[in-house]
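Below, chain A is the first sequence line, B the second, and so on; all start at residue 1.
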Number of protein chains: 2
Amino acid sequence: MAIPLYQAKAEFFRTLGHPARIRILELLAERDHAVYELLLAIDIEASNLSQQLAVLRRAGLVMQRRESGDVVYSVNRPEVRDLLLAARVILRHLIDDQDQLREDLKASG
Amino acid sequence: MAIPLYQAKAEFFRTLGHPARIRILELLAERDHAVYELLLAIDIEASNLSQQLAVLRRAGLVMQRRESGDVVYSVNRPEVRDLLLAARVILRHLIDDQDQLREDLKASG
DNA sequence: TTTACACATGAAGAAGTATTCAACTAGCCG
DNA sequence: CGGCTAGTTGAATACTTCTTCATGTGTAAA
């Protein structure tokens, strides 16, 4: 095996690099969700949702269980919440920067 | 414009989803580096390195300046460090989980 | 057991990203 | 200025990842 660590990191970030997977994680960070709930919230095809859930499962980020009829997913690593938060902070700054740039251009042009 | 936020987040994570870019950010999180230093540390072609630096620049994560002859890069958003740290923590757990699984398999098989 | 529903999987074409090569630009020194 | 070195860019091909569709599996109710 022995995958270099920086490659594992890159793979990990790529796992997060999809709009549907981000939404899934954010919903699951709030509380556990059944598949049909995710389906209602996310607006993609059922089979696509399954694929994305499979990606997250393979990465070890979420877990599946069966509960009185339907399949319920939960976040396996609570730290995911911290990560999403850290990302949100940076993104906020990046977007502010962009807005600032736009302002400056408007003012000078 | 008006890109949904979860899409911006996904894009942001994809920006980090490349081994070379991770290494660049980690090196720059430590201290500023000239391009030739990155080149020595990372072992990819110069033009490839430039491409990856361009990706990070476009994302607004790093900055370029010229300093007595050579081009020096620095991290634009100090919070990147927090993010990389949060990722490291999760990754550590994920890898531990995997190891544990391997152990269990070995013990039971 | 048969039917029905909810979810998962495999495979294939479409879409996106990486790596490489060749050509270009910016700054520096003779 | 002319040529040199360091870094960047664009474009082409190779590689990954997405999305969709057809099919498979599991559970529950009839």
Side-chain angles (χ1 to χ4, degrees), chain A residues 3-4 6-25 27-28 32-76, chain B residues 3-4 6-28 31-76:
Chain A
I3 298 161
Y6 51 87
Q7 191 167 332
K9 277 183 201 164
E11 259 170 57
F12 171 69
F13 282 122
R14 261 187 283 128
T15 301
L16 303 180
H18 188 287
R21 293 198 291 267
I22 290 288
R23 298 208 65 199
I24 292 169
L25 285 177
L27 289 166
L28 295 184
D32 295 2
H33 280 70
V35 172
Y36 74 87
E37 292 179 298
L38 295 173
L39 200 50
L40 286 173
I42 296 183
D43 186 44
I44 55 178
E45 284 197 17
S47 71
N48 196 350
L49 177 59
S50 269
Q51 300 271 13
Q52 306 309 335
L53 287 169
V55 172
L56 293 173
R57 251 186 293 124
R58 263 179 256 128
L61 289 172
V62 305
M63 279 186 74
Q64 200 184 29
R65 72 175 183 275
R66 203 167 263 274
E67 202 165 86
S68 66
D70 34 44
V71 178
V72 176
Y73 275 85
S74 53
V75 176
N76 196 20
Chain B
I3 297 161
Y6 51 86
Q7 192 166 333
K9 277 181 201 166
E11 260 170 57
F12 171 69
F13 281 121
R14 261 188 283 127
T15 301
L16 303 180
H18 189 288
R21 294 198 290 266
I22 290 287
R23 298 208 64 198
I24 293 169
L25 284 177
E26 290 190 329
L27 289 165
L28 295 184
R31 62 169 178 79
D32 295 3
H33 280 70
V35 171
Y36 74 87
E37 292 180 297
L38 295 173
L39 201 48
L40 286 172
I42 295 183
D43 186 45
I44 54 178
E45 285 196 17
S47 71
N48 196 349
L49 178 59
S50 268
Q51 301 270 15
Q52 307 308 336
L53 287 168
V55 172
L56 293 173
R57 251 187 293 124
R58 263 178 256 129
L61 289 172
V62 305
M63 280 187 72
Q64 198 184 33
R65 71 177 184 276
R66 204 167 263 273
E67 203 165 83
S68 67
D70 32 43
V71 178
V72 176
Y73 276 84
S74 52
V75 175
N76 195 21

Can you work out whether A/E45 or A/R21 has the more 5'-proximal nearest nucleotide on DNA chain D? A/R21

Let me confirm one number: the CD1-CD1 distance from B/I42 to B/I24, rounded to the nearest 0.5 Å. 4.5 Å

Give the angle between the helix axes at the two ends of the helix from C/dT1-D/dA30 to C/dG30-D/dC1, taking five base pairs at each end and rounding to 10°. 20°

Show every side-chain hydrogen bond (donor to acceptor under 3.5 Å, both in side chains) that has at least one partner inside residues 50-61 of chain A, sequence neighbours left out. A/R21-A/Q52, A/N48-A/Q52, A/R57-A/Y73

List in chain and number order the residues that pass salt bridge (charged side-chain N to carboxylate O under 4.0 Å, His left out) with A/D70, two or more places apart in sequence or in another chain; answer none if no residue qualifies. none

B/L27 to B/H33 - nearest heavy-atom pair and separation: O-CE1, 3.1 Å

Residues passing the side chain to side chain contact (heavy atoms under 4.5 Å, CB included) test with A/Q7, sequence neighbours excluded, are A/I3, A/P4, A/E11, B/P19

Smallest heavy-atom separation, A/A59 atom then A/T15 atom, equals CB-CG2, 3.7 Å

Toward the 5' end of DNA chain C, which comes first, A/N48 or A/R14, by nearest nucleotide? A/N48

Quick check for you: to the nearest 0.5 Å, what is the distance between A/Q64 atom CD and A/N76 atom CG? 12.0 Å

With rounding to the nearest 0.5 Å, note down the distance linking CG in B/L56 to CE in B/M63. 13.5 Å

Salt bridge (charged side-chain N to carboxylate O under 4.0 Å, His left out) involving A/E45 - partner list, sequence neighbours excluded: none

Strictly below 4.0 Å, heavy-atom distances to any atom of DNA chain C: list the hits from residues 50-65 of chain B, or just say none. B/Q51, B/Q52

Going 5' to 3' on DNA chain D, which nucleotide is the first and which the last to come under 4.0 Å of a heavy atom in chain A? D/dT17 to D/dT27

Side-chain heavy-atom pair B/V75, B/D32 within 4.5 angstrom cut-off: no

Any side-chain heavy atom of A/L61 sitting closer than 4.5 Å to one from A/V55? no

What pairs with B/R66 under side chain to side chain contact (heavy atoms under 4.5 Å, CB included), at least two apart in sequence or on another chain? B/V71

So does B/G17 get a backbone contact from the side chain of A/R14, meaning a donor-acceptor N/O pair under 3.5 Å? yes

Just the endpoints, please: which first and last nucleotides of DNA chain C, 5' to 3', lie under 4.0 Å from a heavy atom of chain B? C/dT17 to C/dC28

